[in-house]
Amino acid sequence: MVTQSTKLGGTASDVTVARVSHGLMTMTWTPNPVPDEICFEAIKAGVDALPPGVKAFLNTAEFYGQNWGIDNLEMLSRFFAKYPEYADRIFLSVKGGLDPVKHVPNGSLEYLRSSVERSIKALGPLKKIDLFQPARIDPTMSIEKIMENLVILLKEGKFDHIGLSECNANTLRKAHAVYPITAAEIEVSPFEYGENQKKVIATATELNISVAAYSPLGHGFLTGQIKSPDDIPEGDMRHLLTRFKEEHFRNNMVLVQKLKEIAEKKSITPAQLCIAWVASLGPTMIPLPGSSKASRTLENLTGGDVVFTDDELKAVNEAITKTTITGDRHIGQPELEKLLWN
């Protein structure tokens, strides 16, 4: 059983969740979706490993399926139908508000309402959306107006708490002034820890907003399990990420090897080291790794129990700051890059 937990921020400050959350994307947004029973065991293992009174923080989205479909929510609907007793032990975060055809955010009240209602229908009657967040910030609208729209839907009872994703620190502060933000979901890992991350984390710490730090393992790169680009299955979305391409892969493996050596000295896995390092960045940090297997879920959760000595933390920080990572954070498409840090 894991021991570490944390309180959520904003309007969910009375909710205690595991120190490490669980991303569900890879269960269904893949050419070969994972069978239900394997998904279910991965979810159950994470919940069962927690002390009484501590909820599992699960992260999903309206579009976590092939062709941006609702597959992930439908999988969860089947899970809760089979295991309804787990509904109250899970804090469920759902992202939406992203046009599945144009792949751009839409913060209008009409679109957000249709997105939330589509998510509610797919999820089924046994589990309410605890936290809803636009998957990206609509650059055509003010954050104040987007927040007003989200508050309307919250007051209609469609979800209980509001989050943001891919926001910058200034946007987070403005949004929080309209209505308390529970969580900000941003990418944080030894690959991704720049000025934007530091500013959002500092602002979230000041305002008591949880930071759901997704991809703390660099889409699996930092686990050390991927030895070459050929190890990535055909059709896997990571083939689109330039960081995994041959011209960058060898360079980026330098950091992986450094972290692996530190992890071996501490008798933990590289994944646990990265998760523990992300958790160390601030009191409101909640690492958000993904997993589709029970064993991986438990390995990730245990990373939240890891405590570094000052020397160990110094070694990790030096490895990160003295290694230059190359390749784009996403897939290098300018139209998508413009939707980050708004």
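Relative ring orientation between W29 and Y64 is described as tilted, the plane-to-plane angle lying within the 30° to 60° band. Between Y83 and F79, the ring planes lie tilted relative to each other; the angle falls in the 30° to 60° range.
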Would K55 and D88 count as a salt bridge (Lys or Arg N to Asp or Glu O under 4.0 Å) here? Give the steps.
CA-CA 8 Å; K55 295 193 176 191; D88 290 339; 5.9 Å; no
Between R173 and E206, does the salt bridge (Lys or Arg N to Asp or Glu O under 4.0 Å) criterion hold? Intermediate values first, please.
CA-CA 10 Å; R173 188 178 295 278; E206 175 193 340; 2.8 Å; yes
Could you go through the side chain to side chain contact (heavy atoms under 4.5 Å, CB included) check for I286 and V211 one step at a time?
CA-CA 6 Å; I286 303 177; V211 176; over 6 Å; no
side-chain hydrogen bond (donor to acceptor under 3.5 Å, both in side chains), that's the test. Do T140 and D138 meet it? Break it down for me.
CA-CA 5 Å; T140 69; D138 186 342; 2.6 Å; yes
Before you tell me yes or no, could you show the steps for E299 and T269 under side-chain hydrogen bond (donor to acceptor under 3.5 Å, both in side chains), namely the whole-Å CA-CA distance, both residues' side-chain angles and the distance that decides it to 0.1 Å?
CA-CA 8 Å; E299 177 187 346; T269 67; 2.7 Å; yes
Go through the steps to decide whether D36 and M75 satisfy the test side chain to side chain contact (heavy atoms under 4.5 Å, CB included), and finish with yes or no.
CA-CA 7 Å; D36 273 2; M75 178 274 294; 3.8 Å; yes
Tell me, with the steps shown, if K314 and D310 meet side chain to side chain contact (heavy atoms under 4.5 Å, CB included).
CA-CA 6 Å; K314 180 181 178 182; D310 290 344; over 6 Å; no
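The shortest distance between side-chain heavy atoms of E187 and H219 falls below 4.5 Å. The side-chain heavy atoms of I152 and E148, taken from C-beta on, include no pair separated by under 4.5 Å. No side-chain heavy atom of V188 sits less than 4.5 Å from a side-chain heavy atom of E192. Within the 4.5 Å cutoff, the side chain of F57 has no heavy atoms near those of the V20 side chain. For the pair I275/P289, a side-chain contact is recorded, criterion being any heavy-atom separation below 4.5 Å from C-beta on. Annotation: side chain of V306 is not in contact with side chain of L273 (no heavy-atom distance under 4.5 Å).
A donor-acceptor pair under 3.5 Å is absent between the side-chain atoms of N252 and the main chain of F221, judged by distance alone. In this structure, K127 contributes its side chain and I90 its backbone to a donor-acceptor pair below 3.5 Å. Between the side chain of H22 and the backbone N or O of S291 there is at least one donor-acceptor pair closer than 3.5 Å.
Side-chain atoms of E166 and Y214 form a donor-acceptor pair, as typed in the model, at a separation below 3.5 Å. With hydrogens and angles left out, the side-chain atoms of S93 and Q133 include a donor and acceptor closer than 3.5 Å. Inspection of the S108 and N106 side chains reveals an N or O donor paired with an N or O acceptor under 3.5 Å. No side-chain N or O of S210 forms a donor-acceptor pair with one of T284 less than 3.5 Å apart. Side chain to side chain, T297 and N300 fail the donor-acceptor criterion of an N or O pair below 3.5 Å. N59 and S21 form no side-chain donor-acceptor contact under 3.5 Å, judged by distance and modelled atom types alone. For the residue pair T30 / N32, no side-chain donor-acceptor distance below 3.5 Å is found, with atom types taken as modelled. A side-chain N or O of N317 and one of W277 form a donor-acceptor pair less than 3.5 Å apart. Side-chain contact annotation: T28 with N72, donor-acceptor N/O pair under 3.5 Å present.
With values rounded to the nearest 0.5 angstrom, F159 atom CZ is found 10.5 Å from T182 atom OG1. Taking CD of E312 as the start and CD1 of I262 as the end, the distance is 9.0 Å to the nearest 0.5 Å. Of the inter-residue distances, the one linking L301 atom CG with M1 atom CE reads 11.5 Å to the nearest 0.5 angstrom. Expressed to the nearest 0.5 Å, how far CG of L8 lies from OG1 of T16 amounts to 8.0 Å. Residue L58 holds its CG atom at 6.5 Å from CG of L92, rounded to the nearest 0.5 Å. If you take SG on C39 and CG on L24, they are separated by 8.0 Å, rounding to the nearest 0.5 Å.
None of I143, I162, T171, I181 except one satisfies the side chain to side chain contact (heavy atoms under 4.5 Å, CB included) rule with H176; the exception is I181. Each of L217, I320, L222 was checked for a side chain to side chain contact (heavy atoms under 4.5 Å, CB included) with S189, and the lone residue meeting it is L222. Screening S115, P134, P105 for a side chain to side chain contact (heavy atoms under 4.5 Å, CB included) involving L98 leaves a single residue, P105.
Ion pairing between K95 and E62 fails under the 4.0 Å rule for side-chain N and carboxylate O. Comment: E156 engages R113 in a salt bridge, judged by a side-chain N to carboxylate O separation of less than 4.0 angstrom. Checked for salt-bridge contact, D160 and K128 meet the test: a charged N lies under 4.0 Å from a carboxylate O. By the 4.0 Å N-to-carboxylate-O rule, E41 lies close enough to K44 to be salt-bridged with it.
Smallest separation of non-hydrogen atoms from T302 and V2: N-CG1, 4.1 Å. In this structure, D130 and F91 approach most closely via the heavy-atom pair OD2-CA, 3.4 Å. When all heavy atoms of P216 and L288 are compared, the closest pair comes out as CD-O, 3.3 Å. Residues S119 and I129 come closest through the heavy atom pair CB-CD1, 4.0 Å. Counting all heavy atoms, side chain and backbone alike, A276 lies closest to G303 at CB-O, 3.5 Å. The two residues A271 and T223 have their closest heavy-atom pair at CB-CG2, 4.2 Å.
Dense packing is recorded around NZ of K198, with more than 12 heavy atoms of other residues, nucleotides or ligands lying under 6.0 Å away. Other residues, nucleotides and ligands contribute over 12 non-hydrogen atoms within 6.0 Å of the NZ atom of K158. The number of heavy-atom neighbours closer than 6.0 Å to NZ of K266, taken from other residues, nucleotides and ligands shown, is above 12.
With F40 as the aromatic partner, K82 does not meet the cation-pi criteria of under 6.0 angstrom to the ring centre and within 45 degrees of the ring axis.
When ring centroids are compared, F80 and Y86 stay outside the 6.0 Å threshold.
Using a 4.5 Å cut-off between side-chain heavy atoms of Ile, Leu, Val, Met, Phe, Trp and Tyr, with links allowed through other members, M141 and L153 fall into the same hydrophobic cluster.
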